[in-house]
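Protein chains get the first letters and strands the later ones, always in sequence-line order, with residue 1 at the start of each.
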Protein chains: 2
Amino acid sequence: MVQIFDDLFLNVYDTPMNPTIKDIAARAGISYATVSRALNGKYGVSRETREKVKALAEEMSYRPNAIAQGLVNRATMTVGLIIPDITSPFFPRLALGIEETLLKAGYNLFLCNTSWNPERERDYLNNLIQKQVDGIIISSIAHHADDIESLIPSDMPLVYVSSYPEGTEHSYVLIDNIKGADMAVTHLLSRKHRRIAFIGSEQERHSLEDRLSGYHKALNRAGIEISEDMVVLDKFQEQSGYKMIRNLLGKGTIPDGVFAENDLIAMGVVQGVRDSGYRVPEDMAVIGFDDIPIASHPDIQLSTIHQPKYRIGAYAAEILLRQLNRDPSERRTERMTLQPELIVRRST
Amino acid sequence: MVQIFDDLFLNVYDTPMNPTIKDIAARAGISYATVSRALNGKYGVSRETREKVKALAEEMSYRPNAIAQGLVNRATMTVGLIIPDITSPFFPRLALGIEETLLKAGYNLFLCNTSWNPERERDYLNNLIQKQVDGIIISSIAHHADDIESLIPSDMPLVYVSSYPEGTEHSYVLIDNIKGADMAVTHLLSRKHRRIAFIGSEQERHSLEDRLSGYHKALNRAGIEISEDMVVLDKFQEQSGYKMIRNLLGKGTIPDGVFAENDLIAMGVVQGVRDSGYRVPEDMAVIGFDDIPIASHPDIQLSTIHQPKYRIGAYAAEILLRQLNRDPSERRTERMTLQPELIVRRST
DNA sequence: TTGAAAGCGCTAACAT
DNA sequence: ATGTTAGCGCTTTCAA
């Protein structure tokens with residue numbers, strides 16, 4: 001009776017919109033455990049059954065519920081990536097290297113953008129953990145390891161990329177910032193500039209500190225005394241180089257060379273210098289850091305320190321994949337420091 | 001005995017690394033159902049119990065397993081976003097508008113980058129569905145709606161952003177490409193240019209088609225016959241504008257104005273024109289589309305059609321949120337076409 | 001106010 | 001080769 005009644009509204013073999021293995025099992029007339037085995041290529045299923053199940057799955061356009069799989073497998077095949085700025089010319093290239101490397105290994109990426117907001121960094125971290133990602137790659141803006149690692153379960157694979165917090169025991173991949181800065185400033189010195197300013201953001205990242213110490217190192221080596229008013233750090237992002245150099249020049253501090261923390265700031269500096277009536281590079285040479293794509297544009301031609309962004313990301317992903325494939329007990333910290341490259345263009 | 005033995009190694013009330021509601025319940029001496037109720041602010045829990053549970057959860061740094069919640073709630077509070085190019089100056093700004101809007105509403109973003117690869121677009125789509133996202137926003141490179149909508153369950157909220165495939169019934173948000181192109185070409189005409197070329201990629205996106213028809217429209221209105229060799233479409237991305245204009249000029253086709261599909265191509269065109277010995281804008285005016293940040297740089301000064309990228313993203317997210325809040329039956333298609341804005345700079 | 005129990009979709013151990 | 005069952009962590013009836 002019930003059977004007949006049901007048939008009035010719904011074909012017994014009708015395909016639900018989002019079929020589960022139970023629906024397939026019902027149509028195949030077998031148990032749903034067998035369907036699971038057949039679909040996952042496990043042993044102990046006859047060729048005949050396996051093919052029938054696969055055909056049915058195809059026909060019903062079955063897609064496994066990854067959330068349910070994640071719950072039982074205790075693995076989501078998903079990695080979280082946290083970066084400070086998705087609109088910058090720098091981080092998305094890191095992200096691309098990471099994404100493509102993970103994709104090849106069958107992992108997916110949860111990409112999170114904090115817009116340089118430490119609170120959002122913490123929120124996203126919590127979120128990724130709740131979402132049960134298998135590992136995390138982060139270009140953190142936290143200063144101390146504790147700031148963020150206290151949020152992260154100790155068995156969660158974690159790799160820092162492009163910067164890392166003070167005191168961490170975890171893996172990281174980044175450029176040799178000290179050496180890069182040293183190269184930049186040494187290049188300025190080789191061009192006979194002596195009064196060299198450092199202009200940077202006020203993000204207290206390790207990368208900034210290192211670039212500053214590379215700056216000091218190069219000047220020390222040349223026996224040049226460092227004057228504190230030659231170091232300008234400000235909160236602004238992006239076009240801030242303009243304001244900072246204008247400010248500096250306005251105060252009567254006239255450098256003959258500027259090393260900027262990154263290319264975006266350097267481009268602002270170049271404009272500020274020009275708008276103040278000086279010539280680049282004749283009166284003031286300017287060098288940046290990163291080698292973003294626009295730096296090589298014929299009308300920009302910014303000298304800079306090159307970072308292999310895609311590769312940095314790819315390496316970070318490879319390290320994470322290695323952690324993912326190991327038992328928690330035998331995971332080792334892996335740290336890579338890549339060599340920077342001096343690119344001389346028209347601004348120096 | 002067993003109790004005592006256990007105590008040698010593990011306090012009975014020890015906190016596991018990733019505690020569950022059961023662990024909290026054990027320590028509180030209540031059932032885990034009550035813990036769930038307490039934590040989720042449901043009615044029917046005494047103030048006392050609720051506070052005890054919350055304190056315990058805090059102390060044990062409990063974080064709900066979102067995967068398990070997703071399974072039972074049939075909602076993941078996660079939205080998928082698919083864009084073709086994460087390294088472009090355009091899409092990340094869309095993504096930012098989307099991300100921040102969704103974040104305010106408590107949703108998370110799964111950001112996927114296809115690198116203009118249709119196969120990866122399909123793969124990611126399948127993936128997002130398996131991951132049980134609650135909705136999808138996509139800047140699709142598919143030409144026909146069927147190409148991708150056949151993959152998507154019909155009850156899945158879907159919003160196209162910045163481009164949409166032929167024949168879709170779904171919502172979208174984009175700039176008025178026809179009008180924008182019309183404005184660009186009309187601007188060129190107002191500068192007394194008559195031989196106006198169109199240079200674009202070969203991505204068969206609706207946005208390209210519309211920009212082409214805007215180009216035709218403006219020329220028709222001016223009574224100018226369109227010569228097919230003035231329309232150049234090529235496969236290359238980014239710096240391709242350079243090759244395309246050099247090719248065109250090499251064949252002896254000398255336009256006096258160029259409308260490029262986007263700013264990146266336009267910048268390549270400007271270089272190509274200059275390297276061929278012509279002046280911009282005197283011999284050849286060039287206008288782009290998008291108004292990417294670098295277009296306004298003092299050394300670039302590219303005329304273009306402005307798109308409010310962040311807002312386009314934000315609107316798309318708002319539409320999706322509205323769908324998410326409605327029953328499937330009462331979801332209506334919402335389509336927004338934003339007005340473009342002509343930005344005249346030095347290249348025209 | 002609280003507990004017991006079912007079930008979300010799936011995998012895997014244990015039976016048969 | 002296949003079926004039965006437990007259980008992943010959680011929410012939500014239904015009882016008490």
Quiz item: When we call it a touch if two heavy atoms are under 4.0 Å apart, what does Ser46(B) touch: a base, just sugar-phosphate, or nothing?
Solution: sugar-phosphate
Quiz item: Nearest-Å distance, NZ (Lys22(A)) to P (dT5(D))?
Solution: 13 Å
Practice problem: Between Val45(A) and Arg37(B), just flag the one whose closest nucleotide in DNA chain D comes earlier from the 5' side. | Solution: Val45(A)
Exercise. Identify which nucleotide among dG9(D), dA4(C), dC10(C) has an atom closest to any side-chain atom of Gln69(A), counting heavy atoms from C-beta outward.
Key: dC10(C)
Exercise. Map Glu48(A) and Tyr32(A) onto DNA chain D by nearest heavy atom, then report which one ends up closer to the 5' terminus.
Key: Glu48(A)
Quiz item: Nearest-Å distance, CG (Leu39(B)) to P (dG9(D))?
Solution: 16 Å
Exercise. For the pair Glu99(A) and Arg120(B), find out whether any cationic side-chain nitrogen is under 4.0 Å from an anionic carboxylate oxygen.
Key: yes
Self-check item: d(CG, Asn40(B); P, dT12(D)) in whole Å
Solution: 7 Å
Self-check item: Nearest-nucleotide pick for Ser31(B), side chain only, options being dG3(C), dC10(C), dC8(D)
Solution: dG3(C)
Quiz item: Heavy atoms under 4.0 Å, any strand shown: does Tyr43(B) hit a base, just sugar-phosphate, or nothing?
Solution: nothing
Self-check item: Side-chain heavy-atom pair Leu320(A), Leu158(A) within 4.5 angstrom cut-off
Solution: no
Exercise. Taking only Lys NZ, Arg NE, NH1 and NH2, and the carboxylate oxygens of Asp or Glu, determine whether Glu48(A) and Lys52(A) approach each other closer than 4.0 Å.
Key: no
Quiz item: Just checking Ile67(A): base, sugar-phosphate only, or nothing, at a heavy-atom cut-off of under 4.0 Å?
Solution: nothing
Exercise. Run the salt-bridge test on Lys54(B) and Glu58(B) with the 4.0 Å N-O cut-off and return the result as yes or no.
Key: no
Quiz prompt | Output field: ring centroids Tyr164(B)/Tyr172(B) closer than 6.0 Å | solution = yes
Quiz prompt | d(CZ, Arg50(A); P, dT2(D)) in whole Å | solution = 10 Å
Quiz item: What is the distance, rounded to the nearest whole Å, between atom CD1 of Ile30(B) and atom C1' of dT1(C)?
Solution: 11 Å
Self-check item: Integer-rounded Å distance: dG9(C) P and Asn18(A) CG
Solution: 9 Å
Practice problem: Counting heavy atoms from C-beta on, name the nucleotide in dT11(C), dT12(D), dT2(C) closest to the side chain of Asn73(B). | Solution: dT12(D)
